[in-house]
Amino acid sequence: LQLRSALAEIQLDSLQNVYTTTIAELSALEKELKEAKQPGIPDSGITLRTLNNQKREAQKVINTIKTVRHRKIVHL
């Protein structure tokens, strides 16, 4: 039971790290586009709006992970 809990915690940490890195990379790309005064990357479907949407979705996942992590499980 403790091993299973520890594995779940490691998986949650890994997922949170991936999404945090993703948000950082999306923010860096957004900054580059703004500095270049470009609305997006041509022929890629990547725009400032899609970057913001993706960052928002990644943040939602991080918030969900934090919520799941803080739940206390009571075994009867």
Side-chain angles (χ1 to χ4, degrees):
L1 184 62
Q2 287 179 337
L3 180 60
R4 204 176 304 166
S5 295
L7 283 173
E9 191 69 29
I10 290 170
Q11 289 173 335
L12 289 174
D13 285 342
S14 296
L15 282 172
Q16 187 171 352
N17 287 338
V18 167
Y19 280 100
T20 301
T21 302
T22 300
I23 289 173
E25 290 176 6
L26 290 171
S27 294
L29 179 56
E30 179 182 22
K31 181 180 176 186
E32 285 183 41
L33 287 173
K34 285 181 178 178
E35 286 176 355
K37 297 180 181 166
Q38 295 293 318
I41 300 174
D43 300 327
S44 69
I46 297 173
T47 63
L48 290 172
R49 180 179 291 168
T50 59
L51 290 176
N52 283 325
N53 290 341
Q54 290 174 347
K55 285 191 329 187
R56 200 169 326 133
E57 290 300 316
Q59 189 60 52
K60 284 182 187 177
V61 173
I62 289 173
N63 292 341
T64 301
I65 290 169
K66 287 179 181 178
T67 301
V68 168
R69 180 177 288 143
H70 294 320
R71 286 186 187 159
K72 298 290 182 186
I73 299 173
V74 177
H75 295 283
L76 302 175

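All heavy atoms count here, side chains included; hydrogens, waters and symmetry mates do not.
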Which residues satisfy the side chain to side chain donor-acceptor pair (under 3.5 Å) test with Glu32, sequence neighbours excluded? none
Asn63: partners by side chain to side chain donor-acceptor pair (under 3.5 Å), with sequence neighbours left out: Gln59
Who clusters with Val18? Use side-chain heavy atoms, under 4.5 angstrom, across I, L, V, M, F, W and Y, and order the result by chain and number.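 So far as hydrophobic clustering goes, Val18 is joined with none.
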Sequence neighbours left out, what passes side chain to side chain contact (heavy atoms under 4.5 Å, CB included) with [X]? Give chain and number order.
X	answer
Ser14	Ile10
Gln11	none
Lys34	Glu30, Leu48
Arg4	none

Looking at Leu26, Thr22, Leu29, Thr50, which hits side-chain contact (heavy atoms from CB on, under 4.5 Å) with Lys55? Leu26
Treat each ILVMFWY residue as a node, draw an edge where side-chain heavy atoms are under 4.5 Å apart, and state whether Leu51 and Tyr19 are in one component. no
Partner residues of Glu9 under the salt bridge (charged side-chain N to carboxylate O under 4.0 Å, His left out) criterion, sequence neighbours left out: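 Scan of Glu9 (salt bridge (charged side-chain N to carboxylate O under 4.0 Å, His left out), adjacent residues dropped) gives Arg69.
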Straight-line distance of Thr64 OG1 to Gln16 CD, nearest 0.5 Å: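 If we round to the nearest 0.5 Å, Thr64:OG1 and Gln16:CD are 11.0 Å apart.
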With distance as the sole criterion, is a donor-acceptor pair present between the side chains of Arg49 and Asn52 under 3.5 Å? no
Min side-chain heavy-atom separation Ile62-Lys66 under 4.5 Å: yes
Note, Glu57 side chain near Lys60 side chain (heavy atom, < 4.5 Å): yes
